[in-house]
Amino acid sequence: MEAPANHVTPTVFANTIEQKLSLFADRVIVHKRPQSWIEGEQMGAFLSVSKGSEEPPIFLELHYKGSSDSAQPPLVLVGKGITFDSGGISLKPSSGMDAMRADMGGAATVCSAIVTAAALKIPINIIGLAPLCENMPSGKANKPGDVVRAKNGKTIQIDNTDAEGRLILADALCYAHSFKPRAIINAATLTGAMDVALGSAATGVFTNSDWLWERLHKASVVTGDRVWRMPLFQHYTKQVTDSALADLNNVGKYSRSGGACTAAAFLREFVSADHWAHLDIAGVMTNKDEIPYLRKGMSGRPTRTLVEFAAGLASDV
Ligand code: BES
Ligand code: MG
Ligand code: ZN
């Protein structure tokens, strides 16, 4: 997360994770899906973001077989992998933009959790998915008002190109369902509004499952890397399904109000699984001096909680 975006491109990210997992080649398979594969999967929302950059996108797919029962339904972890978020045509202000090198924090924490699970031989099956690309302004970039089609056929009006995380996650969440998962958890530095809401005290968890909430919360009490539940009201859904040109709009109708909640409501439109949780980690992305045992800078939170959660699931079978 801390590394400069010119050093950690989507390609370098994928190669780094592949190399770390090469120690566990007996139980982990790594697929680095190229653009041609992403096109074949009809991930139109992800591709619309990646096409604004010169760096090729990668859809990283990790399979960790920890269970002796290879047919055991997997835990699917999905991470936002924007290796740099300039905002695109809806360009961010230059002050503080350097922090957007950490906009791959969702991908980093879920991939790290899988590396750790493999090292600890946690006896469950886990699949990791990370759509990796840059969000850049170019002659090919998304423009406000553009309409794209996600993998599940839903159309999206892109009124703000800076709300790119939900676009790449939409396609990744659709794909996650093809593994008949036990649960889907996604992590994303999704909204500045999450930082406004909770700051660095806790990761915001939006979930349709009381069971998943309880397991995540329990794990976070053990690790100290806290989570806090946030609402998934229809109230917010109405604000993202009201679009002149498409099924959905990528920003809420009252854009500043409840921004973390409208982003979660948007993601929910791509989920049919009974046990899904969205972790908005924008507020815990950096550590200034709040957490004394973490160094200053990009935090890697909540990797510990994800690992503890996975270990907890193992004792559940
Ligand atoms: N990556 C940002 C969110 C972010 C901001 C993470 C600050 C960490 C710190 C995300 O892609 C973004 O730009 N979100 C917009 C959404 C808005 C346009 C609806 C935001 O939060 O301003
Ligand atoms: Mg953005
Ligand atoms: Zn972003």
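All ligand and atom numbering here is 1-based and tracks the order in the structure.
At the top of the distance list for atom 2 (C) of ligand 1, counting protein heavy atoms only, stands Asp85 OD2, 3.6 Å. Looking only at protein heavy atoms, the nearest one to atom 1 (N) of ligand 1 is Asp103 OD1, 2.9 Å. Among all non-hydrogen protein atoms, the one lying nearest atom 15 (C) of ligand 1 is Asp162 O, 4.1 Å.
Side-chain atoms of Ser200 and Glu290 form a donor-acceptor pair, as typed in the model, at a separation below 3.5 Å. Inspection of the Gln157 and Ser243 side chains reveals an N or O donor paired with an N or O acceptor under 3.5 Å. In the model, Asp274 has no side-chain atom that pairs as donor or acceptor with a side-chain atom of Ser209 under 3.5 Å. Under 3.5 Å, the side chains of Thr109 and Thr303 contain no donor-acceptor pair of N or O atoms. Of the N and O atoms on the side chains of Asn142 and Ser48, at least one donor lies less than 3.5 Å from an acceptor on the other residue.
With the Mg ion (ligand 2) at the apex, Asp85 OD2 and Asp162 O define an angle of roughly 170° (rounded to 10 degrees). Rounded to 10°, the angle that OD2 of Asp85 and OE2 of Glu164 form at the Zn ion (ligand 3) is 90°.
Follow the hydrophobic side-chain contacts under 4.5 Å out from Leu77 and you reach Leu62 in the same cluster. Each of Ile89 and Val148 belongs to its own hydrophobic cluster when Ile, Leu, Val, Met, Phe, Trp and Tyr are linked at side-chain heavy-atom distances under 4.5 angstrom.
Listed by number with element, the atoms of ligand 1 under 4.0 angstrom from any heavy atom of Val251 are 19 (C). Counting atoms of ligand 1 from 1 in the listed order, those under 4.0 Å from a heavy atom of Thr189 are 1 (N), 2 (C), 3 (C), 6 (C). Near Glu164, with a cut-off below 4.0 Å to any heavy atom, the atoms of ligand 1 are 11 (O). Atoms of ligand 1 found under 4.0 Å from any heavy atom of Ala282 (numbered from 1 in listed order, with element): 6 (C), 8 (C). Those atoms of ligand 1 that come under 4.0 Å of a heavy atom in Asn160, given as number and element, are 18 (C).
Under 4.0 Å from ligand 1, the heavy atoms of Arg166 that appear belong solely to its side chain. At a 4.0 Å heavy-atom cut-off, ligand 1 does not touch Asp195 at all. Only side-chain heavy atoms of Lys80 come within less than 4.0 Å of ligand 1; its backbone N, CA, C and O stay farther off.
Between Phe309 and Trp213, the gap from one ring centroid to the other reaches at least 6.0 Å.
Residue contact annotation: Met100 has a non-hydrogen atom under 4.0 Å from ligand 1.
One finds no salt bridge joining Asp247 and Lys154 here, because no Lys/Arg side-chain nitrogen approaches an Asp/Glu carboxylate oxygen to under 4.0 Å. Between Lys80 and Glu164 there is a salt bridge, since a side-chain N of the basic residue sits under 4.0 Å from a carboxylate O of the acidic one. Using a 4.0 Å cut-off between charged side-chain N and carboxylate O, Arg304 and Asp225 make no salt bridge. For Glu2 and Arg101, the salt-bridge test passes: some basic side-chain N is under 4.0 Å from an acidic carboxylate O.
Of the listed options Leu190, Thr286, Asn135, Leu190 places a heavy atom closest to atom 3 (C) of ligand 1.
Looking at Asp103, its N, O or S atom nearest to the Zn ion (ligand 3) turns out to be OD2.
Residues Asp85 and Asp162 are in side-chain contact: their nearest non-hydrogen atoms beyond the backbone lie under 4.5 Å apart.
For Gly165, every N, O or S atom stays at 2.8 Å or more from the Zn ion (ligand 3). Among the backbone and side-chain atoms of Asp162, none of the N, O or S atoms lies under 2.8 Å from the Zn ion (ligand 3). At a threshold of 2.8 Å, the Mg ion (ligand 2) has a backbone or side-chain N, O or S atom of Glu164 nearer than that distance.
Counting protein heavy atoms under 4.0 angstrom from atom 22 (O) of ligand 1 gives zero.
For Gly192, a nitrogen or oxygen atom sits less than 3.5 Å from a nitrogen or oxygen atom of ligand 1, counting backbone and side chain alike.
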